[in-house]
Every structure is written in structure tokens, then in C-alpha cells.
Amino acid sequence: MAPFHFLMRHLSNRELSSWFFLAPVILIHMLVVAIPSISSLALCFTDWNGFGKINFVGFDNFIELFDDRVFKKAIIHNLIWTALFLTIPIVFALMAAFLLTGIRRFQMFYRFVFFFPYILASIVNCLIWKYLFHPIHGLTSFFNSIGWESLATSPLTTKETSLYAVAFVDGWHFWGFLVVIYITAMYQVDEDLYEAADIEGASKWQKFKYVTFPSIRPMFLFSFLIIIIWSVPAFDYVYILTSGGPAYSSEVVANFMYFEAFRNMNVGYASAVGALMFIYVFFVLGFFWSLRKLGWEI
Amino acid sequence: MAVYSKKTKAAIGNHVILMLLALIIILPVLVLLFNSIKPDEEFGVNPLGFPQTVRLMNYYDAFVAGNYAKIMVNSILLVAGTLAVCLTFSSLAAFSLAVLNPNGKSTIMIGIYLLVGLSIPAQLFILPLFIIWKNLHLNNTYVGLIIIYSALNAPFAVFLIRSYMIQLPKELFEAAIVEGASTIQLFTRVALPLSWPVFLTTGLVVSLAVWNEFLFAVTFIHNEEFKPISSILYSFQNRRDENYALISAASVMMAAPLAVLFILFQRNFIAGLTSGGTKG
């Protein structure tokens, strides 16, 4: 302790001593995030397999990627995923938050229930729905027992529905988060505006459209941004529920990258996928940032 | 009177829709709870309902035979280790950014660095990190995973703690300096004791993130002995002989500690999770 104390005493320069306190966080963050990220951005121009010789191959990985049928499928699925999350959970969350502001009783109960799946582990949420959507057990077994055989299908193992079923489970877990941030914003809306709307004889929908929604627009745009960004690395639910199957019908970019990286050890190829994800996220951030510069309230 | 009844009617309408939405959440969770106390042979005839015979032994089986006692300890060690490292490092950094040099160049640079860090998808760095960890012999160790979790949660923790410390009255620090306190003492005697509420919030959110974390747990720990509960449940689910009674009981055991914490500290959880926007 003594030499440390001595050092601190003599760090009279504020700037210097402030760096001293910052050092531990910066060091571990650089080790875990910055250095590997930069390595990845370098390795995406190589054909490294993790242990052999590293050969520079230029843009070959990217050329190969855009020729890869599975990767193209994964990108389309990520776009569908983003579009789904930008619509269905947002609509339900806006509705639930708006309805919640209209009631007093049981409000905390509903808030608790809606938010609850958000604190559950992805593995637990997946177990719940893997069972319910199981080809033999769960809802299939239930529908068969009451004679509704037409409903007794397994959405996770059917090619046409697997992506939507996975997105449903992730959305089921996620939408309560939106409810909570929307309701927080809605409570900051000026009460006088609602009273004025009441005097004008506004309907519920009109109040939502002309008072609530314009007031929570910054929070709404924030939720838009985080959904777009969080949809890029969406992994847990796909990997656990379907691993991208059947026949790549629920493959997404993060899962594709994971298998290239840890099953096939294609370091260069997988790094190229990571680099593209990174570029996309920063393109989105830059887009929102320039909207803000243009005077949009974000 | 007319206004009152109109309002009541509207409230009932609200409750009907909200209740339907709530049931979509509650019913699947109930099925999990029922399954956790259902005998394995009953799954064929009673897939969703309350068990005809309640079998609490599922929990005993999972805890003892399924070795979940040990697995829970693994997860608890990871959470405790990450809390110790992450909160210590983050509070030092937050103190620096909020108290030592609130308007300095370092604050802006670190702010930008951590924000960029938060937005990088894990897929960009997980593979080189895996190779670095392999060479440092940190794969398959708690220390390796604790360092990763601490680093990943640090940006959020720094922001949250800083936003609290920056509101502390400047006079307290000035008075301590007049009394001859060193910089370290300013941190340990003034900043830390006054900031405990934000440590509760940050600690809860970090614990939640670590307890539930899946991607890094599955990637970095392959030794069954060291696996935390999330990756053990994954390997259990993927076995051919699906024993739903046992897996359900184990899942409930995984969820229960967090559910209790969430009931006790709902406000802190929600404030913490919605302020930083961490991925859950």
C-alpha cells in the first residue's frame, strides 16, 4: 500500500491521476473487446484457420461471402427479424403502456408480469417454448387430445414457420422492456394536454395520436434504434431453439458466424462476417446521429 | 355520474385487454412450474395441466442426482467474482470521470470509447478473444470468464455509477480535501459510502446479466465440471432422452433466485435495465 500511497500523493496533476483511476477498466476492456475487435478487422483479409500459416487474401472472404447461399439467406432472415421486431412488439407495447396509464388498480401487477420474462434467462424462456412447440409434447399433444389435429404442428421444426416461431419467443421475452420504457415516457406527458383533449371531446385514439405519441417520440425513436442494433447480433434464441434449421430456414447472421468460427474454425471467413456486422451497426448509428444533427429530436 | 360510468367502462376495457396480454405471459410460465412438479410418466397424458400427482422429488433429483448443487455454486462464483472485479474497477473509473476530472479530455474520450464498445456486436471479437484466451490458458477457467464478464458489463456500470456520483455535493469533497484527505481517501471515505444505492442497482443488473449469460458461457467453458447453469441446461436440453420433469425443475431453480430478487427490488431492476439499455 505504501508505494501506491506515495504515488498518489505525487500525482498532483489532475489529468494524470484521473487516468490512473481509469486504467483498470480500460485495460480489461481493451483486452476483451478492443484488441480482439481490431484483430478481427485485420484477420478478415486472411485465410487463417486458427493455428496454421496466415495468408493475406485481400477481399476474397467478402467475395466468397456474397456468393454464399446460406449467408444471403441469413441476411434476408435478419432483415425480416428486424422488420418483425420494429412492428409487432412495438405496437403491442405501445398499446399496453397506453392502457396502463389509463388504470390505477393492478397497474404494478401488470407491469411486473409484462417485464418478468425479460429477467428470465434465454435458456429458460427457450425451454418453456421448446416444450410447448415440441413435435410430440406440449401444445401438439394437447391439441391432439382435444381433437384439433390441424393445429397440432410444431412451428419450430417446420421450414415455413421456424424463423417466425423463434422471433415470437424472443419477442415474447423482449416486449415487456418496451412497455416499461414507453410507460416511463408517457408519465412525463403534461397532464394539461390530456385535460385540454378531454374538453375538446377527443376519443382515446385521438388522445393517443395527438397527445401521447408526439410527446414520447424521442423514446419511440430510441427504441427503434436499439431494436435495429440489437437485431444484428441476435443469437441465443436461434441457437438454442433451432440452430438455424431446419434446412437453414431460421438461419441468422450471428448463428452463421458462430458455426463458421467454432465448428469450421474458418477464422478469416468468420471475421469477415463479424466485420460486416460491425460496419452495419456503425452505419445505423451514423444514420441516427446525422438525423440528430439535422435537428430531429432523438 | 355519466362521466364516472364512462370512465369505469373504459377501465374495464383496459383491464380485459391487459389481462389477455398478461395471460400470454403467465400461462407458459405456469406450464413450466407444473412440469417441474409432474412425474415423468404423466407428460404423455397431461401435457399442460396441473399434475395429477405432485412430485416434489423432481427438485431433489435435479439438485442431488443432476448435480445442480455444484452447478449453482459455479454460477454463484461467476456472479460474485464479476461483481467484485466489475464494481471495483467501474467505481474507480466512475469516480475519476465524475469527481477527479469531470470536464477533462479523458472524460470525453472514455465516454466515446465505452459507447463505441457497447455497440460492437460480440460476433466481431469473440473468435480472436477465444484464441487469445486459449493462449493465455484462460479457457475453461472462472477467472477467464470473470474477466470477460467484467469487461462487457463495465461500460454500463461506469455510466450508471458516474451519473450518480456526479450529483454528490462538491462541498463534501472540498471539506475532505481541506482536512487533508488523499485522493484514495476521497474515493473510499466520501464517494463510496454515499453512492451505495447505485451500487445496489448496478450490482443487481450485473448479477442478472452474468447469471443469465449464454453465448460466452457456452463458448469459453467446455469442462462439464466448471459449466455454469445456463450452459448446463443447454447440454441437458440437447440430450436424446429428454427428461422434461428434471429439466423443468432445474430451470425453475435457475429462475427462482432472480425472481425473488426481482420481486424485492423491482424498482432498482427496472431503473437499471432501462437506463443503460443493456442487452438482456
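Just so it is clear: chains get the letters A, B, ... in the order the sequence lines come, proteins before strands, and each one is counted from 1.
- Heavy-atom distances place both the backbone and the side chain of B/Ile126 under 4.5 Å from chain A.
- Neither the backbone nor the side chain of B/Trp211 comes within contact range of chain A; no heavy atom of the residue lies under 4.5 Å from a heavy atom of that chain.
- Contact annotation: the side chain of B/Phe89 never approaches that of A/Leu27 to less than 4.5 Å [non-hydrogen atoms, C-beta and beyond].
- Counting heavy-atom pairs closer than 4.5 Å to chain A, the top residue among B/Leu114, B/Val218, B/Leu261 is B/Val218.
- Using a 4.5 Å cut-off between heavy atoms, B/Ile24 contacts chain A through both its backbone and its side chain.
- Residues A/Ser122 and B/Asn212 form no side-chain contact, since every pair of their non-hydrogen atoms from C-beta on lies 4.5 Å or further apart.
- Counting only heavy atoms from C-beta outward, the side chains of A/Leu22 and B/Leu92 never approach each other to under 4.5 Å.
- Looking at A/Tyr258 and B/Thr219, their side chains do bring a donor and an acceptor atom within 3.5 Å of each other.
- Among A/Ile35, A/Val253, A/Val267, A/Val232, the residue with the largest count of heavy-atom pairs under 4.5 Å with chain B is A/Val267.
- Between the CG atom in B/Leu27 and the CG atom in A/Leu132 there is a gap of 9.5 Å [rounded to 0.5 Å].
- Proximity to chain B (any heavy atom under 4.5 Å) is shown, for A/Met30, by both the backbone and the side chain.
- Heavy atoms closer than 4.5 Å to chain A are found nowhere in B/Met253, neither backbone nor side chain.
- Within a 6.0 Å radius of OH in B/Tyr113, more than 12 heavy atoms belonging to other residues, nucleotides or ligands are found.
- Annotation: maximal heavy-atom pairing with chain A below 4.5 Å, among B/Asn35, B/Leu152, B/Ile247, occurs at B/Asn35.
- Using a 4.5 Å cut-off between heavy atoms, A/Phe262 contacts chain B through its side chain alone, with no backbone atom that close.
- Looking at B/Ala22, the atoms closer than 4.5 Å to chain A (heavy atoms on both sides) sit in the backbone and in the side chain alike.
- For A/Phe98, no part sits under 4.5 Å from any heavy atom of chain B, backbone or side chain.
- Scanning all heavy atoms of the two residues, the minimum distance from B/Ser96 to A/Phe21 falls at CB-CB, 3.6 Å.
- Relative orientation of the A/Phe112 and B/Phe262 rings is parallel, given thresholds of 30° and 60° on the angle between their planes.
- If you tally non-hydrogen atom pairs under 4.5 Å between each of A/Cys126, A/Ser39, A/Ala254 and chain B, the highest count goes to A/Ala254.
- Ranked by non-hydrogen atom pairs under 4.5 Å with chain B, the options A/Leu100, A/Leu276, A/Ile229, A/Asn125 are led by A/Leu100.
- The side-chain heavy atoms of A/Ile38 and B/Phe125, taken from C-beta on, include no pair separated by under 4.5 Å.
- Annotation for B/Lys134: atom NZ does not count as buried by contact number, only 12 or fewer foreign heavy atoms lying within 6.0 Å.
- Between chain A and the options B/Leu258, B/Leu208, B/Leu48, heavy-atom pairs under 4.5 Å are most frequent for B/Leu48.
- Of all the heavy atoms in A/Met257 and B/Gln123, the pair that sits closest is CE-O, 3.2 Å.
- To the nearest 0.5 Å, atom CD1 of residue A/Ile128 and atom OG of residue B/Ser248 are 9.0 Å apart.
- Annotation: A/Phe259, atom CZ; neighbour count of heavy atoms from other residues, nucleotides and ligands within 6.0 Å is above 12.
- The shortest heavy-atom contact between A/Ala96 and B/Leu18 is O-CD2, 3.8 Å.
- Taking A/Cys44, A/Ser40, A/Pro36 one by one and counting their heavy-atom pairs under 4.5 Å with chain B, the maximum is reached by A/Pro36.
- Within the 4.5 Å cutoff, no side-chain heavy atoms of A/Phe116 are placed close to those of B/Gln266.
- When heavy atoms are compared at a cutoff of 4.5 Å, B/Ala259 approaches chain A by way of both its backbone and its side chain.
- Heavy atoms closer than 4.5 Å to chain A are found nowhere in B/Val252, neither backbone nor side chain.
- Nearest heavy-atom pair, A/His29 versus B/Gly117, reported as atom, atom and distance to 0.1 Å: CE1-CA, 3.9 Å.
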* To do: Just do the side chain to side chain contact (heavy atoms under 4.5 Å, CB included) check on A/Trp48 and B/Ile131 with the steps written out, would you?
  => CA-CA 12 Å; A/Trp48 200 34; B/Ile131 296 165; 3.7 Å; yes

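- Side-chain contact between B/Pro28 and A/Trp172 is present, with at least one heavy-atom pair separated by less than 4.5 Å.
- Remark: B/Met19 CE to A/Leu99 CG distance equals 14.0 Å, nearest 0.5 Å.
- For B/Ile132, the part lying under 4.5 angstrom from a heavy atom of chain A is the side chain only.
- The side-chain heavy atoms of A/Leu127 and B/Leu233, taken from C-beta on, include no pair separated by under 4.5 Å.
- Only the side chain of B/Leu32 comes within contact range of chain A, with heavy atoms under 4.5 Å apart.
- Of the residues considered (A/Trp175, A/Tyr280, A/Phe106), A/Trp175 shows the highest number of contacts with chain B, using heavy-atom pairs under 4.5 Å.
- Ring orientation note: the planes of B/His15 and A/Tyr110 are tilted relative to one another, at an angle of 30° to 60°.
- When all heavy atoms are compared, the tightest approach of A/Ser18 to B/Leu100 is CA-CD1, 3.9 Å.
- Both the backbone and the side chain of A/Phe278 come within less than 4.5 Å of a heavy atom in chain B.
- Side-chain contact between B/Asn14 and A/Lys204: present, with at least one pair of heavy atoms (C-beta onward) separated by less than 4.5 Å.
- The residue among A/Ile119, A/Thr184, A/Val281, A/Leu31 with the most heavy atom pairs within less than 4.5 Å of chain B is A/Ile119.
- Taking CG from B/Leu124 and CG from A/Leu41, the interatomic distance works out to 5.0 Å, rounded to the nearest 0.5 Å.
- For chain A, the nearby part of B/Phe95 is the side chain; its heavy atoms alone come within less than 4.5 Å.
- For the atom pair CG of A/Leu225 and OG of B/Ser119, the computed distance is 8.5 Å after rounding to the nearest 0.5 Å.
- Checked against the 6.0 Å centroid criterion, the rings of A/Phe115 and B/Phe269 do not qualify as a close aromatic pair.
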* Passes side chain to side chain contact (heavy atoms under 4.5 Å, CB included), A/Ile123 versus B/Met254? Steps please. -> CA-CA 10 Å; A/Ile123 190 80; B/Met254 180 179 187; 3.8 Å; yes

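- When heavy atoms are compared at a cutoff of 4.5 Å, B/Leu215 approaches chain A by way of both its backbone and its side chain.
- With a 4.5 Å cut-off on non-hydrogen atoms, B/Ile110 touches chain A through its side chain but not through its backbone.
- Counting all heavy atoms, side chain and backbone alike, A/Val25 lies closest to B/Ala93 at CG2-CB, 4.0 Å.
- Ranked by non-hydrogen atom pairs under 4.5 Å with chain A, the options B/Val29, B/Ile17, B/Ile148, B/Leu21 are led by B/Leu21.
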